[in-house]
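Below you'll find the structure, written out as structure tokens, and then a few comments.
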2 protein chains.
Amino acid sequence: MRSYKHPAIEDVRPEDIFHALSDPVRLDIIRRLAAEGAASCAALDGGRPKSSMSHHFRVLRDAGLVHTRPEGVTHMNQLRRDELATRFPGLLDAVLAAIA
Amino acid sequence: MRSYKHPAIEDVRPEDIFHALSDPVRLDIIRRLAAEGAASCAALDGGRPKSSMSHHFRVLRDAGLVHTRPEGVTHMNQLRRDELATRFPGLLDAVLAAIA
DNA sequence: GCCATAGTTCGAAATATATCGTACAAGCGA
DNA sequence: TCGCTTGTACGATATATTTCGAACTATGGC
């Protein structure tokens with residue numbers, strides 16, 4: 001569990017981004033990451049089981065939206081804002097505005 | 001077939017938009033509608049069966065992305081650009097730039 | 001080393017989605 | 001009205017996705 005696979009930003013495909021954004025649970029995660037900057041998985045479960053959250057974080061990671069790094073015993077997640085802004089200018093900002 | 005149900009723009013939900021955008025076939029439709037302004041369903045099938053295309057156009061309509069109106073024997077589709085720009089400022093432009 | 005904590009992985013069940021063939025409906029022109 | 005064209009509606013199948021429990025892994029503190 002040492003390291004996670006994150007796609008290189010240039011390999012991120014728009015359809016994967018949109019798929020990742022098509023679930024209400026994941027939109028909630030995105031919203032809260034945008035508001036709080038960074039958060040552990042456990043901090044964002046809404047009483048949902050760990051395995052469910054793990055699944056959603058993985059979808060977000062694989063899509064290229066979220067970066068996860070181990071920090072002690074927890075895993076900190078944050079949006080890949082700068083990279084995404086370079087790859088898809090304006091997209092993340094418009095998404096965040098849309099789901100605010 | 002006289003009239004289609006299009007959601008009122010204020011009822012359009014971001015997650016439905018993103019789901020509609022999560023399929024390569026539909027992204028292709030969006031791309032071509034953006035480039036050509038308006039097009040019939042048949043004009044955009046890539047050799048796919050009519051029933052498949054009909055399904056995808058329905059998803060796009062239900063999501064609020066596309067407006068369809070009967071025009072003689074064909075059905076003209078176009079992006080709901082202005083409405084979407086009001087409801088979700090910057091979103092459609094960023095999406096079109098991302099999938100260009 | 002042992003235990004607790006934080007997440008991942010696996011497996012299963014329910015639901016949703018994509019795809020396509022066939023049948024149907026609506027408009028247009030002869 | 002008949003035939004042609006365009007697209008929808010229905011039904012079936014294959015594949016994905018969501019959800020969750022249970023077992024497992026990694027880290028930190030004692």
Side-chain angles (χ1 to χ4, degrees), chain A residues 1-7 13-30 32-33 36 38-78, chain B residues 1-7 13-33 36 38-79:
Chain A
M1 226 146 304
R2 193 124 200 81
S3 63
Y4 291 90
K5 283 197 301 269
H6 296 92
R13 297 182 312 171
E15 63 243 59
D16 293 334
I17 297 274
F18 297 132
H19 168 250
L21 293 173
S22 69
D23 182 281
V25 177
R26 289 194 290 267
L27 281 190
D28 232 57
I29 293 174
I30 295 287
R32 298 194 51 188
L33 285 180
E36 301 172 25
S40 67
C41 303
L44 300 186
D45 66 3
R48 275 171 243 277
K50 295 189 297 178
S51 52
S52 294
M53 294 311 285
S54 185
H55 161 71
H56 287 300
F57 274 105
R58 194 155 106 77
V59 173
L60 290 169
R61 259 197 312 272
D62 290 351
L65 278 165
V66 165
H67 182 87
T68 307
R69 67 177 187 286
E71 188 161 299
V73 74
T74 77
H75 298 191
M76 284 314 257
N77 303 280
Q78 58 190 108
Chain B
M1 224 152 309
R2 194 123 200 83
S3 63
Y4 291 90
K5 283 196 300 269
H6 296 92
R13 295 183 312 172
E15 63 243 58
D16 293 335
I17 296 274
F18 297 132
H19 169 250
L21 293 173
S22 70
D23 183 282
V25 177
R26 290 194 290 266
L27 281 191
D28 231 58
I29 294 174
I30 294 287
R31 232 184 316 258
R32 299 193 51 189
L33 285 180
E36 302 171 25
S40 68
C41 301
L44 300 186
D45 67 3
R48 274 171 243 278
K50 295 189 297 180
S51 51
S52 294
M53 293 312 285
S54 186
H55 162 70
H56 287 301
F57 274 104
R58 194 156 105 77
V59 173
L60 290 170
R61 257 197 313 271
D62 290 351
L65 279 165
V66 165
H67 182 87
T68 306
R69 67 174 188 285
E71 187 161 300
V73 76
T74 77
H75 299 190
M76 285 312 259
N77 302 280
Q78 55 189 101
L79 295 174

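So you know, we letter chains A, B, ... as the sequences are listed, proteins then strands, and number each from 1.
Note: B:Phe18 and A:Phe18 have parallel aromatic rings, judged against thresholds of 30 and 60 degrees for the angle between ring planes. Classification of the A:His6-A:His67 ring pair by plane angle, with boundaries at 30° and 60°, yields parallel.
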Report task. Report the C-alpha distance between A:His75 and A:Tyr4 in whole Å, list the side-chain angles of each, state the deciding distance to 0.1 Å, and finish with yes or no for ring pair (Phe, Tyr, Trp, His ring centres under 6.0 Å). Result -> CA-CA 10 Å; A:His75 298 191; A:Tyr4 291 90; 5.4 Å; yes
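Rounded to an integer number of Å, the gap from CZ of A:Phe57 to P of C:dG7 is 8 Å. Between the CZ atom of A:Phe18 and the C1' atom of D:dA16 there is a distance of 20 Å, given to the nearest Å. In this structure, B:Leu21 atom CG and C:dA18 atom P are separated by 12 Å, rounded to whole Å. The nearest whole Å value for the distance from the CZ atom in B:Arg69 to the C1' atom in D:dG7 is 16 Å. Put simply, NE2 on A:His75 is 12 Å from C1' on D:dG28, counting in whole angstrom units. Atom C1' of nucleotide D:dT18 and atom CE of A:Met53 are separated by 13 Å, given to the nearest angstrom. Protein atom NE2 of B:His19 is 8 Å distant from nucleotide atom C1' of C:dA16, rounded to whole Å. Across the protein-nucleic acid pair, A:Ile29 atom CD1 and D:dT19 atom P stand 10 Å apart, rounded to whole Å.
Nearer to the 5' terminus of DNA chain D, by closest-nucleotide assignment, is the contact made by B:Thr74 (compared with the other of B:Arg58 and B:Thr74). When the nearest nucleotides of DNA chain D are assigned to A:Lys50 and A:Asp23 by heavy-atom distance, the more 5′-ward of the two goes with A:Asp23.
For C:dT8, one of the phosphate oxygens OP1 or OP2 lies less than 4.0 angstrom from a side-chain nitrogen or oxygen of A:Tyr4. Taking side-chain N and O atoms only, B:Ser54 has a distance below 4.0 Å to OP1 or OP2 of D:dT8. Between B:Arg48 and C:dA18, a side-chain N or O to OP1/OP2 separation shorter than 4.0 Å is absent. The side chain of A:Ser52 places no N or O atom within less than 4.0 Å of a non-bridging phosphate oxygen (OP1 or OP2) of D:dT19. Under 4.0 angstrom from either OP1 or OP2 of C:dT19 there lies at least one side-chain N or O belonging to B:His56.
Side chains of A:Arg61 and A:Lys5 form no contact here, defined as non-hydrogen atoms less than 4.5 Å apart.
If you check every strand for non-hydrogen atoms under 4.0 Å, B:His55 touches a base.
The only member of A:Asn77, A:Thr68, A:Val66 that meets side-chain contact (heavy atoms from CB on, under 4.5 Å) when paired with A:Leu60 is A:Val66.
In the set D:dA9, C:dG7, C:dT17, D:dA9 carries the atom at the smallest distance from any side-chain atom of B:Ser51. Among the nucleotides D:dG7, C:dG7, D:dT5, the one closest to the side chain of B:Ser40 is D:dG7. Closest to the B:Val25 side chain, of the nucleotides C:dT19, D:dT18, D:dT6, is C:dT19.
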